[in-house]
Amino acid sequence: MRIATWNVNSLRVRLPQVVAWLAEAGPDLLGVQETKLQDADFPAAELAEAGYHALYSGQKTYNGVAVLSRDPGLTGVATEIPGFPDEQRRVLAATAGQVRFINLYVPNGAAVDSDKYRYKLAWLEALGEWLEEELARHPRLVVVGDFNIAPEDRDVHDPAAWAGEVLVSEPERAAFRRLTALGLVDCFRRFDQPEAVFSWWDYRAAAFRRNNGLRIDHILASQELAAACSACTVDRTPRGWERPSDHAPVIADFDVA
DNA sequence: ATGGCGCTCGAAGAGCGA
């Protein structure tokens with residue numbers, strides 16, 4: 001089973017790239033973030049033509065998440081963190097067979113100590129409580145998305161320049177470690193990886209060409225699924241296409257039915 | 001060098017992302 005995540009930064013703009021990438025990479029499940037589409041405008045027909053059933057939870061202009069699945073028989077759909085009502089559409093969970101799939105667009109946080117930063121930390125706190133329950137219910141749980149956290153300095157192109165900034169600050173990293181302490185495994189770090197592998201590069205200052213990036217998009221798996229994970233990679237290719245998203249897809253393969 | 005680029009809304013330029 002192939003599971004992937006991709007912040008597309010506008011599905012309206014990126015739909016042709018998403019369709020092309022689905023045909024190349026062939027994920028069974030793809031978590032999409034930043035669709036920036038109301039549900040009425042979601043391109044369900046185009047994606048169905050590409051062979052994918054879609055769930056979506058959108059809003060105008062900002063945020064918006066979707067789950068694309070080869071298997072149309074998804075159940076247990078959730079669009080909120082229980083007990084954390086939120087107008088921002090950042091959560092979409094569903095069960096495919098025995099696999100519980102949770103797709104997240106974690107708040108960006110804007111700047112350390114801002115209102116948005118405090119919202120991000122509160123959001124992550126509520127997420128942790130929910131994921132603890134989800135883990136108890138679902139031995140095969142995978143949590144994907146744009147976490148907007150680079151967990152360690154090796155996930156940052158220039159740790160000195162980024163020290164203490166939003167996306168790398170210690171409270172954010174502590175929130176990420178709280179998730180892994182629940183028993184969720186960062187699939188990317190289960191394997192030997194090259195140095196300087198990132199999933200996001202600023203549009204400005206030729207950041208992609210210089211590989212000035214951050215690894216902020218992640219695939220976390222329960223221990224049962226992590227044990228069945230055979231690979232986890234970032235696919236840099238779409239970031240090099242014309243008019244790309246600033247994020248690249250992350251892919252993990254699992255030896256489960 | 002504290003900007004730089006790209007998307008949205010809406011029809012200019014501000015807000016936002018990371």
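Every chain is numbered from 1 and lettered A, B, ... according to where its sequence line falls, protein lines coming before strand lines. Treat the numbers as computed from the prediction; the structure is a model and nothing was measured.
Separation of the P atoms belonging to dG15(B) and dG4(B) is 15 Å when rounded to the nearest angstrom. The separation of dA18(B) from dG6(B), taken at their P atoms, amounts to 16 Å, rounded to a whole angstrom. On the C1' atoms, dA11(B) is 23 Å away from dG17(B), given to the nearest whole Å. Across dA14(B) and dG3(B), the matching P atoms stand 14 Å from one another, rounded to whole Å. Taking the C1' atoms as reference points, dA12(B) lies 27 Å from dA1(B), given to the whole Å. dG10(B) sits 15 Å from dC16(B) when the P atoms are compared, rounded to a whole Å.
For Trp200(A) and Arg204(A), each mapped to the nucleotide of DNA chain B holding its nearest heavy atom, the one lying further toward the 5' end belongs to Arg204(A). When each of Trp162(A) and Ala205(A) is assigned the nucleotide of DNA chain B bearing its nearest heavy atom, the one mapping closer to the 5' terminus is Ala205(A).
His247(A) places its NE2 atom 11 Å from the P atom of dG17(B), with the value rounded to the nearest Å. Atom C1' of nucleotide dG17(B) and atom CD1 of Ile149(A) are separated by 16 Å, given to the nearest angstrom. Residue Trp201(A) contributes atom CH2, which lies 19 Å from atom C1' of dG4(B) at whole-angstrom precision. Going from atom CZ of Arg210(A) over to atom P of dG4(B) covers 15 Å, rounded to whole Å. The distance from atom CG of Asp155(A) to atom P of dA18(B) is 17 Å, rounded to the nearest whole Å. Separating the CZ atom of Arg90(A) from the C1' atom of dC16(B) is a distance of 11 Å, rounded to the nearest angstrom. Atom CG in Asn212(A) sits roughly 15 Å away from atom P in dC5(B) (whole-Å rounding). In this structure, Phe147(A) atom CZ and dA18(B) atom C1' are separated by 16 Å, rounded to whole Å.
In this structure, Arg177(A) pairs ionically with Glu170(A), as a charged nitrogen and a carboxylate oxygen lie closer than 4.0 Å. Salt bridge status for Glu80(A) with Arg89(A): present, with a side-chain N to carboxylate O gap under 4.0 Å.
Atom CD of Glu133(A) has more than 12 neighbouring heavy atoms from other residues, nucleotides or ligands inside a 6.0 Å radius.
Among the candidates Leu92(A), Val32(A), Ile102(A), Val144(A), the single residue satisfying the side chain to side chain contact (heavy atoms under 4.5 Å, CB included) test with Val67(A) is Leu92(A). Each of Asn9(A), Asn7(A), Thr5(A) was compared with Gln33(A) under the side chain to side chain donor-acceptor pair (under 3.5 Å) criterion, and only Thr5(A) meets it.
An OP1 or OP2 oxygen of dG3(B) is reached within less than 4.0 angstrom by no side-chain nitrogen or oxygen of Tyr203(A). In terms of phosphate contacts, Asn9(A) brings no side-chain nitrogen or oxygen within less than 4.0 Å of OP1 or OP2 of dG6(B). When the side-chain nitrogen and oxygen atoms of Ser10(A) are compared with OP1 and OP2 of dG6(B), none of them lie within a distance under 4.0 Å. Here Arg243(A) does not reach the OP1 or OP2 of dC5(B): none of its side-chain N or O atoms lies under 4.0 Å away. For Arg14(A) and dC7(B), the shortest distance from a side-chain N or O to OP1 or OP2 is below 4.0 Å.
As judged by a 4.0 angstrom heavy-atom cut-off over every strand, Asp217(A) is placed among residues making no nucleic acid contact. Using a 4.0 Å heavy-atom criterion, one finds that Glu165(A) contacts no nucleic acid atom at all. At the heavy-atom level, Asn148(A) lies under 4.0 Å from the strands shown only through sugar-phosphate atoms. Counting non-hydrogen atoms under 4.0 angstrom, Tyr105(A) reaches the backbone sugars and phosphates but no base. Across all strands, Asn63(A) comes closer than 4.0 Å to no nucleic acid atom at all (heavy-atom distances).
Classified by interplanar angle (parallel below 30°, tilted 30° to 60°, perpendicular above 60°), the ring pair Phe42(A)/Tyr56(A) is parallel.
Taking every side-chain heavy atom of Val13(A) into account, dC7(B) is the closest of dG4(B), dC7(B), dC9(B).
The closest side-chain donor-acceptor pair between Asp235(A) and Thr237(A) falls under 3.5 angstrom. In this model, a donor atom of one side chain and an acceptor atom of the other lie less than 3.5 Å apart for Trp201(A) and Asn211(A). Checked by atom type, the side-chain pair Arg215(A)/Ser199(A) shows no donor-acceptor distance below 3.5 Å.
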What pairs of nitrogen or oxygen atoms, one from the protein and one from nucleotides 13-15 of chain B, lie under 3.5 Å apart?
none

